[in-house]
Amino acid sequence: MRRVLAITTLCVGLLGSTATAVAGECIAPAKPKAGFDLTCELLTAGLRLRDADAPLLVTSYMPGGIGAVTYNAIITRRNAEPDTLIAFSGGSLFSIAQGRFGRFGTADVRWLAGIGIDHGVLIVRKDSLLRNLKDLTAALRRSPDKVVMGGSGTVGSQDWMKAALVAKAAGVGRNAFRFVGFEGGGEANAALQKAYVDVVSGDYSEAIGLIRNGAEIRILSVLSSERLPHQDPSVPTAGEEGFNIVWPNIRGLYMGPKVRNADYDRWVEVLDSMLQNPAFAKLRDDRGLLPMAKTGNAFEAHVRALVAAYQQLLQGDPLLQPQR
């Protein structure tokens with residue numbers, strides 16, 4: 001009851017006496033300053049492009065298991081809330097593909113929309129002696145125990161997988177390199193800036209947001225075969241350096257499994273309108289995301305195909321399967 005009152009009070013304060021505004025919540029399943037945070041922030045900014053009657057969301061945080069705590073809570077306790085949207089990423093789907101969200105799978109929530117595609121990156125401090133991906137793989141070959149890599153989640157997470165692909169390219173075994181897991185990208189990037197780790201396996205959108213805000217970090221490499229729009233000319237992609245390491249990262253939203261069809265369809269309509277707005281495209285591009293505009297049933301089919309692709313990746317290469 002207290003949470004609902006807080007949301008309602010905020011909506012009234014921002015919209016005055018507008019009675020038609022829909023009070024809603026966007027849950028970021030990690031601590032602040034992570035990629036989930038960016039998804040909720042972009043969604044809120046996109047909805048504000050509409051008229052004064054458009055839904056207004058507030059962001060709340062539910063960290064734990066890089067999305068697992070939220071996933072279980074939405075399915076078991078908050079499964080019918082009509083205006084609660086939950087941010088997820090490719091990392092969430094990667095965990096589901098491995099059974100890391102417990103007994104629940106893709107059929108246990110309502111997948112709502114994809115609003116952009118991020119890309120994996122490797123991030124270092126500005127004063128790092130590592131200048132590119134070739135430097136990093138060479139350092140791993142020389143002394144894998146002296147290069148500390150960090151990221152969101154534990155061994156087996158999406159960020160661990162990016163690091164494992166780099167280690168594999170260096171000829172280092174899956175258990176030979178050092179990886180420190182954090183509860184979200186915010187913690188990982190903070191640890192990098194404090195020199196607790198040497199490299200963060202993160203995402204492009206998070207990195208450029210930090211750089212724009214003055215963080216003493218830089219992108220070592222973008223895990224893509226082709227350059228991203230507005231990518232700094234001094235930053236190479238993995239493909240440009242001759243490495244076949246590509247890691248796109250979807251950013252999207254889901255809802256509880258018992259949300260009424262009428263409410264789900266209403267949100268699909270709202271998001272379809274938002275995603276087709278040229279002004280939203282600018283918001284998305286400014287945050288370093290590539291276009292994605294899938295909603296409803298088409299998006300649900302896309303999610304299931306992604307999970308199947310992650311499972312195939314893991315099954316097809318034993319070197320990338322973490323030992324538990």
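Values below: every heavy atom of this structure, side chains too, minus hydrogens, waters and symmetry copies. All values reported here derive from a predicted model rather than from experimental measurement.
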(message) I'd like to check L93 versus F88 (side-chain heavy atoms, cut-off strictly below 4.5 Å). Are they in contact?
(response) yes
(request) Report the residue from D83, I27, L47, T84 that forms a side-chain contact (heavy atoms from CB on, under 4.5 Å) with L57. (result) L47
(message) Angle between ring planes, F94 versus Y310, binned at 30° and 60°: parallel, tilted or perpendicular?
(response) perpendicular
(request) With sequence neighbours excluded, tell me which residues meet ring pair (Phe, Tyr, Trp, His ring centres under 6.0 Å) with F182. (result) none
(request) Measure the CG-OG1 distance between L49 and T44 for me, rounded to the nearest 0.5 Å. (result) 11.0 Å
(request) Would you give the length of the straight line joining atom CG of L130 to atom CG of L136, rounded to the nearest 0.5 angstrom? (result) 6.0 Å
(request) Flag yes if Y61 and M255 sit in one hydrophobic cluster, no otherwise; membership is Ile, Leu, Val, Met, Phe, Trp, Tyr, and two members link when side-chain heavy atoms are under 4.5 Å apart. (result) no
(request) Could you tell me whether the side chain of V69 reaches within less than 4.5 Å of the side chain of P63, counting heavy atoms only? (result) no
(message) With heavy-atom distances below 4.5 Å as the criterion, would you say the side chains of M149 and V180 are in contact?
(response) no
(request) Please identify each residue that fulfils salt bridge (charged side-chain N to carboxylate O under 4.0 Å, His left out) with R304, with sequence neighbours left out. (result) E300
(message) To the nearest 0.5 Å, what is the distance between CD on E41 and OG1 on T59?
(response) 8.0 Å
(request) Can you tell me which residue pairs pass the salt bridge (Lys or Arg N to Asp or Glu O under 4.0 Å) test with a partner in residues 306-315, sequence neighbours excluded? (result) none
(request) State, with a plain yes or no, whether a side-chain heavy atom of Q98 is found less than 4.5 Å away from one of M161. (result) no
(request) Using the side-chain contact (heavy atoms from CB on, under 4.5 Å) rule, take V268 and L112 through it: C-alpha gap first, then chi angles, then the decisive distance, then the call. (result) CA-CA 7 Å; V268 167; L112 183 60; 3.8 Å; yes
(message) Taking side-chain contact (heavy atoms from CB on, under 4.5 Å) as the criterion, tell me which of N249, L38, I117, L228 meets it with L289.
(response) L38
(request) Over all heavy atoms of both residues, which pair between A87 and C40 is shortest? Give the atoms and the distance, please. (result) CB-SG, 4.1 Å
(request) State, to 0.1 Å, how close I245 and A169 come at their nearest heavy-atom pair, and which atoms those are. (result) CD1-CB, 4.1 Å
(request) Would you give the length of the straight line joining atom CG of L42 to atom CD1 of I115, rounded to the nearest 0.5 angstrom? (result) 4.5 Å
(request) Kindly give the heavy-atom pair with the smallest separation between P144 and A176, and that separation in Å. (result) CB-O, 3.8 Å
(message) Checking the side chain of S95 only, and the main-chain atoms of R100 only, is there a donor and an acceptor separated by less than 3.5 Å?
(response) no
Report all side-chain donor-acceptor pairs from residues 274-281 shorter than 3.5 Å, counting only partners two or more places apart or in another chain.
| from | atom 1 | to | atom 2 | distance (Å) |
| --- | --- | --- | --- | --- |
| N277 | OD1 | A279 | N | 2.9 |

(message) Suppose the criterion is salt bridge (Lys or Arg N to Asp or Glu O under 4.0 Å): which pairs have a residue in residues 62-73, not counting sequence neighbours?
(response) none
(message) Show the nearest heavy-atom pair for residues A207 and V121, with the distance to one decimal.
(response) CB-CG2, 4.3 Å
(message) Taking the side chain as everything from C-beta on, heavy atoms only, tell me whether R284 gets closer than 4.5 Å to M292.
(response) no
(message) Within the structure provided, determine whether R266 and P82 are in side-chain contact (heavy-atom separation under 4.5 Å).
(response) yes
(message) For G35 versus E206, what's the shortest heavy-atom pair and its separation?
(response) N-OE2, 2.5 Å
(request) May I ask you to decide if the ring planes of H302 and F299 are parallel, tilted or perpendicular, using 30° and 60° as cut-offs? (result) parallel
(message) Please say yes or no: joined through hydrophobic side-chain contacts below 4.5 Å, possibly via intermediate residues, are F36 and L43 part of one cluster?
(response) no
(request) Check A238 against L133 and note the closest heavy-atom contact, atom names and distance. (result) CB-CD2, 3.9 Å
(request) Could you tell me which residues satisfy salt bridge (charged side-chain N to carboxylate O under 4.0 Å, His left out) with R218, sequence neighbours excluded, listed by chain and number? (result) none
(message) Please say yes or no: joined through hydrophobic side-chain contacts below 4.5 Å, possibly via intermediate residues, are L306 and F104 part of one cluster?
(response) yes
(message) Side-chain heavy atoms nearer than 4.5 Å, only ILVMFWY residues, links allowed to pass through others: does that put V246 and V307 together?
(response) no
(request) Any side chain to side chain donor-acceptor pair (under 3.5 Å) involving residues 102-119? Give me the pairs, sequence neighbours left out, ordered by first then second residue. (result) R110-N261, D118-S205, D118-R251
(message) Run the salt bridge (charged side-chain N to carboxylate O under 4.0 Å, His left out) test against K31 and tell me which residues pass, sequence neighbours left out.
(response) E187
Could you tabulate the donor-acceptor pairs under 3.5 Å formed by side-chain atoms of residues 189-200, not counting sequence neighbours?
| from | atom 1 | to | atom 2 | distance (Å) |
| --- | --- | --- | --- | --- |
| N189 | ND2 | G185 | O | 2.9 |
| Q193 | NE2 | N189 | O | 3.2 |
| D198 | OD2 | V148 | N | 2.8 |

(request) Hey, could you give me the CZ/NZ distance between F179 and K162, rounded to the nearest 0.5 Å? (result) 9.0 Å
(request) Kindly state each residue pair satisfying side chain to side chain donor-acceptor pair (under 3.5 Å) with at least one member in residues 126-152, sequence neighbours excluded. (result) none
(request) Report the residues that fulfil ring pair (Phe, Tyr, Trp, His ring centres under 6.0 Å) with Y71, sequence neighbours left out, ordered by chain and then residue number. (result) F101, Y254
(message) Could you tell me if the side chain of L223 sits less than 4.5 Å from the side chain of F243, heavy atoms only?
(response) no
(message) Assigning hydrophobic clusters by single linkage (Ile, Leu, Val, Met, Phe, Trp, Tyr; side-chain heavy-atom cutoff under 4.5 Å), is I66 placed with I123?
(response) no
(request) Would you mind reporting whether I86 and P29 have side-chain heavy atoms less than 4.5 Å apart? (result) yes
(message) Go through it in stages, so that I can follow the logic: the residues are T237 and Q231, the test is side-chain contact (heavy atoms from CB on, under 4.5 Å), and I'd like the CA-CA distance, side-chain angles, deciding distance and then a yes or no.
(response) CA-CA 9 Å; T237 66; Q231 184 176 329; 3.5 Å; yes
(request) Taking salt bridge (charged side-chain N to carboxylate O under 4.0 Å, His left out) as the test, write out the residues that go with K282, two or more places apart. (result) D286
